[in-house]
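Here the structure comes first, spelled out in structure tokens, and everything after it is commentary.
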Amino acid sequence: MNFAGSHILSVDQFERGDIERIFEVADRMEPYAHRRLVTKVLDGAILGSMFFEPSTRTRVSFGCAFNLLGGEVRETTGFEMSAIAKGESLYDTARVLSGYSDVIAMRHPAEGSVAEFAAASRVPVINGGDGANEHPSQALLDLYTINRELQGRGGSLDGLRIAMVGDLRFGRTVHSLCRLLGLFNKVQIHLVSPSELRMPEEIVEVLRQAGHLVEETDVLEASIANVDIVYSTRIQEERFASQEEADIYRGRFRLNQQIYTANCEPNTVIMHPLPRDSRESAQELADDLNDNPNLAIFRQTDNGVLVRMALFALILDVVDQVDLHAREVNWYTERRF
Ligand code: NCD
């Protein structure tokens, strides 16, 4: 695809070569993300950050990524602080906000809303999550992390074996990640969920049609035995009709060190889009995994900054200028990372 000036709304926009391009640019962002170098390539540019659903890492990492390229961030969070609470349409909000910004990152609880907003926007829009539908930048950072973790172990995305565990019905990160994995060859995907919270049939079908092996189950232990990656997810309780209904599934699949040791291959990588639900009744990834070197959850969040920097640099078409605007910093300390 031609990134310059494009919206990023769905992973279906990408071909394999586009993913490789994003990864290559993300690698080049490392000295800036790690503060060894500073670049002002986006000096004067403004990111409009509009998050109408709870968010910590996605919102802040989009903002940091833009700042690290030298741009400024203007932020609005929650409907109650926005004119949408006064009845303004997405169309009007998009026309207004896109006049103030050079690119917009947006999260909204309704499926399709970010695409609707983008259609009215005068600048590129990145989907930071639209309801249970998609979360393309998360899927890119997940895939980037998988690739890096596997490279260190001699594996690759072709032939990947992955188990996705938890709320696969409402979890937009797993929807986008599954769609992306379909671009690679002979992937094995074990989908572990309560039967009521299965991956949407349409996504499973597309993967099977493309020749990938997809297994659906509600048994955790057998499914994590022969995989490279275990990707755990939270029950998306905010998407259920009632809290009581969500509570039925809370704590159904728990991975802790003992279950990991008893079932997984020694170097199986553990991932989660975060936030993990650390309440006693949930604990889909127990705290006793924190010292397990294969727990990649905080490498995922670090990688999120690289991938989001890459998206901004590609969309605003400044990839080849990033290094021209670079200088060293004098306060850098190796201990940071
Ligand atoms: C995810 C999301 O918002 O979809 N979080 C994130 O962006 N890293 C996953 C979740 O909320 O469970």
Side-chain angles (χ1 to χ4, degrees), residues 8-11 49-66 75 77-79 104-115 125-146 162 164-180 191-194 197 199-200 203 229-240 243 246-247 249-255 270-279 281-286 295-309 311:
I8 305 291
L9 300 174
S10 162
V11 294
S49 169
M50 307 177 60
F51 277 71
F52 297 116
E53 265 196 334
S55 174
T56 306
R57 73 222 79 242
T58 305
R59 179 171 55 84
V60 176
S61 71
F62 266 122
C64 285
F66 208 74
E75 201 162 77
T77 51
F79 288 117
I104 291 173
M106 182 179 181
R107 170 173 290 185
H108 193 285
E111 293 187 22
S113 55
V114 181
V125 175
I126 305 179
N127 181 0
D130 61 324
N133 184 34
E134 276 229 38
H135 194 346
S137 66
Q138 179 72 41
L140 289 168
L141 79 87
D142 288 339
L143 198 66
Y144 182 77
T145 303
I146 293 170
I162 184 170
M164 296 187 189
V165 184
D167 182 353
L168 307 183
R169 176 179 176 198
F170 294 120
R172 55 191 168 201
T173 70
V174 283
H175 298 168
S176 292
L177 185 56
C178 269
R179 292 179 194 273
L180 263 193
L191 300 173
V192 187
S193 71
L197 302 183
M199 179 70 66
I203 296 177
I229 309 282
V230 177
Y231 188 102
S232 167
T233 64
R234 175 181 71 90
I235 299 297
Q236 308 280 296
E237 50 184 41
E238 64 275 32
R239 310 226 184 274
F240 286 78
Q243 186 60 48
D247 288 343
Y249 305 105
R250 193 200 283 267
R252 176 77 69 89
F253 300 110
R254 296 169 185 247
L255 184 60
I270 307 163
M271 296 176 60
H272 191 300
L274 300 184
R276 57 177 157 166
D277 189 341
S278 293
R279 286 170 288 189
S281 55
Q283 300 242 337
E284 65 265 7
L285 277 189
L295 185 74
I297 57 178
F298 302 118
R299 295 194 283 278
Q300 280 173 272
T301 50
D302 285 352
N303 289 339
V305 175
L306 302 177
V307 168
R308 292 185 170 117
M309 288 176 80
L311 288 177

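When a ligand or atom number is given, it counts from 1 through the structure's own listing order. Because the structure is predicted, anything quoted here is derived from the model rather than measured. Sequential numbering from 1 along the given sequence is applied to the chain's residues. Below, each value reflects all heavy atoms present in this structure, side chains not excepted, and no hydrogens, waters or symmetry copies.
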Discussion item. Against Leu143, only a single residue in Asn303, Leu180, Val307 fulfils side chain to side chain contact (heavy atoms under 4.5 Å, CB included); can you say which?
Written reply: Leu180
Discussion item. Can you tell me which portion of Gln138 lies within the under-4.0 Å heavy-atom range of ligand 1? Options are side chain, backbone, both, or neither.
Written reply: side chain
Practice prompt. Classify the contact between Leu274 and ligand 1 as side chain, backbone, both or neither, using a heavy-atom distance cut-off of under 4.0 Å.
Written response: backbone
Discussion item. Would you compute the distance between atom CD of Glu237 and atom CZ of Phe170 and round it to the nearest 0.5 angstrom?
Written reply: 12.0 Å
Worksheet item: Atom CZ in Arg107, atom OG1 in Thr77: separation rounded to 0.5 Å?
Response: 12.0 Å
Practice prompt. Give a yes/no verdict on whether any heavy atom in Pro275 is under 4.0 Å from an atom of ligand 1.
Written response: yes
Worksheet item: Would you say Gly129 touches ligand 1, if touching means a heavy atom closer than 4.0 Å?
Response: no
Discussion item. Within ligand 1, which atoms have a heavy atom of Thr58 less than 4.0 Å away?
Written reply: 6 (C), 7 (O), 8 (N)
Worksheet item: Is the closest basic N to carboxylate O distance between Arg239 and Glu111 below 4.0 Å?
Response: no
Fill in: Lys/Arg N to Asp/Glu carboxylate O, Asp247 vs Arg250, below 4.0 Å
yes
Worksheet, complete the sentence: Note: heavy atom closest to atom 2 (C) of ligand 1, options Arg234, Arg59, Arg172, Glu53, belongs to Arg172
Worksheet item: Is the NZ or CZ atom of Arg308 positioned over Phe62's six-membered ring, under 6.0 angstrom from the centre and within 45° of the axis?
Response: yes
Item to complete: Ignoring angles and geometry beyond distance, decide whether His135 reaches within less than 3.5 Å of ligand 1 through its nitrogen or oxygen atoms.
Response: yes
